[in-house]
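Side chains are part of it too, since the values below use all heavy atoms of this structure and drop only hydrogens, waters and symmetry mates. Counting from 1, the numbers follow the sequence of the chain as shown. Everything quoted here is computed from the prediction, not taken from an experiment.
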Amino acid sequence: MPLKFEICPGRMIGGSSPCFIIAEIGQNHQGDIEIAKKMIKMAKDCGADCAKLQKSELEFKFNKGALERPYTSKNSWGKTYGEHKRHLEFSHEQYRELQKYAKEVGIFFTASGMDEMAVEFLHELDVPFFKVGSGDTNNFPYLEKTAKKGRPMVVSSGMQSMETMRRVYQMVKEHNKNFCILQCTSAYPLAPEDVNLRVIAEYQKEFPDIPIGYSGHESGTYITVAAVALGAKVVERHVTLDKSWKGSDHEASLLPEELAELVKAIRIVERCLGTGVKQMLPCEKACHDKLGKSVVAKTTIPKGTALTMDMLTVKVADPMGVAPEEIYQLLGKTVTANVEEDESITEDVVESYGKKVKS
């Protein structure tokens with residue numbers, strides 16, 4: 001199974017590929033397709049890679065009792081929970097319209113399939129990848145059927161234990177090699193002490209052959225940037241056009257300016273991470289040439305003298321001499337010419353001086 005794979009046509013995730021940034025519109029569109037389009041365009045303009053919604057076939061996601069339950073929340077769009085959800089649910093034709101619009105503006109488009117029939121529709125819609133929300137991560141019949149579709153998968157892990165996630169990994173891996181797991185805590189908004197970013201490292205150890213990412217519900221952008229610094233290859237954040245709108249997700253969502261800042265910060269962090277190889281870089285040469293220190297004579301050293309530590313010191317010198325880390329290799333060696341006090345000790349005046357491989 002690869003540590004990297006193609007999540008969308010021409011777009012790899014994992015390895016050295018840029019972090020894949022998902023703008024989760026969810027149902028923050030208020031049930032208005034024109035608002036949804038504005039949010040898709042906003043996600044594109046802010047630099048996100050993908051705009052994502054949530055698709056449910058309500059009679060397959062909820063039983064009759066749940067749909068008929070009175071819903072009196074300030075966020076309600078109807079007298080019952082079913083009426084509320086129906087207001088927020090786009091039709092198949094509307095999804096096709098949104099998919100077409102996303103293609104026109106140039107951003108990848110998908111949705112979380114919130115039940116098995118929704119997954120069937122999204123498969124028919126030919127979305128580039130399936131997103132499995134935390135509520136279905138331990139829904140093993142759903143997970144198996146979704147994995148067997150063969151599309152790449154992004155699996156959130158909110159409300160789950162490591163034991164469950166091991167089972168999720170094994171089940172998906174049996175049918176589908178192209179998937180990743182996101183660390184997630186399902187609270188809206190999420191308090192910093194409940195984020196648990198160290199789980200990213202634990203997932204990297206437990207599942208070393210798949211990319212690991214982060215789905216955040218906290219306020220602000222700092223924590224998501226930290227997740228990328230810890231190695232998250234996919235990040236997902238809810239977005240909104242107005243945090244005062246009706247809906248429980250808006251408070252934990254990013255406004256356009258916040259999403260733009262997040263994307264900018266992630267791209268800077270990726271540049272900062274580097275290769276992991278510690279060495280003097282070309283950009284440091286000017287500083288090294290100006291201020292780098294080297295070995296100089298602490299006193300006058302006549303030709304033929306064997307060097308001892310009390311004859312040597314380290315200073316910024318011109319010309320540059322032997323590097324300070326090589327000073328102990330000079331001890332016991334003789335100088336082949338007179339060296340004046342405060343003069344650089346250069347390699348050409350030390351007999352049998354040969355650089356050793358630096359550790």
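F90 and Y95 have perpendicular rings, their planes meeting at more than 60° on a 0 to 90° scale where under 30° would count as parallel. The aromatic rings of F62 and Y81 lie perpendicular to each other, with more than 60° between the two planes, well past the 30° mark. Relative ring orientation between F121 and H92 is described as parallel, the plane-to-plane angle staying below 30° on a 0-90° scale split at 30° and 60°. Relative orientation of the H238 and H217 rings is tilted, given thresholds of 30° and 60° on the angle between their planes.
Formation of a donor-acceptor pair under 3.5 Å by the S73 side chain with backbone atoms of N75 is found in this model. Not one N or O on the side chain of S294 forms a donor-acceptor pair closer than 3.5 Å with the backbone of M320.
There is a path of hydrophobic side-chain contacts, each under 4.5 Å, that joins V269 to I200. At a threshold of 4.5 Å between side-chain heavy atoms, the hydrophobic network of Ile, Leu, Val, Met, Phe, Trp and Tyr places M114 and V172 in two separate groups. Hydrophobic clustering of Ile, Leu, Val, Met, Phe, Trp and Tyr side chains at less than 4.5 Å, counting indirect connections, unites V119 with L53.
Contact check for L143 versus M153: side-chain heavy atoms found under the 4.5 Å cut-off. Side-chain contact between N176 and K148 is absent, with no heavy-atom pair separated by less than 4.5 Å. Looking only at side-chain heavy atoms (C-beta outward), M171 and F140 come within less than 4.5 Å of each other. Side-chain contact check for R166 versus E206: some heavy-atom pair is nearer than 4.5 Å. Side-chain contact between I22 and D49 is absent, with no heavy-atom pair separated by less than 4.5 Å. Counting heavy atoms from C-beta outward, E6 and N178 have side chains that stay 4.5 Å or more apart. Within the 4.5 Å cutoff, the side chain of S76 has no heavy atoms near those of the K246 side chain. Within the 4.5 Å cutoff, side-chain heavy atoms of R86 are placed close to those of L58.
Among residue pairs with one or both ends in residues 98-110, none qualify as side-chain hydrogen bond (donor to acceptor under 3.5 Å, both in side chains); sequence neighbours excluded. Pairs passing the salt bridge (charged side-chain N to carboxylate O under 4.0 Å, His left out) check and including a residue from residues 289-307, sequence neighbours excluded, read K285-D289. Applying the side-chain hydrogen bond (donor to acceptor under 3.5 Å, both in side chains) definition to pairs two or more places apart or across chains, those involving residues 189-205 are S157-Y203, E202-K205.
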Quiz item: Given D209 and Y169, is the side chain to side chain contact (heavy atoms under 4.5 Å, CB included) satisfied, shown in steps?
Solution: CA-CA 11 Å; D209 53 359; Y169 168 82; 2.7 Å; yes
Exercise. Tell me, with the steps shown, if H250 and N28 meet side chain to side chain contact (heavy atoms under 4.5 Å, CB included).
Key: CA-CA 7 Å; H250 292 286; N28 281 352; 3.5 Å; yes
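Contact record, T240 with S253: CG2-CB, 3.7 Å, taken as the closest heavy-atom pair.
Only one option out of V322, I345, T313, V314 pairs with I327 in a side chain to side chain contact (heavy atoms under 4.5 Å, CB included); it is V314.
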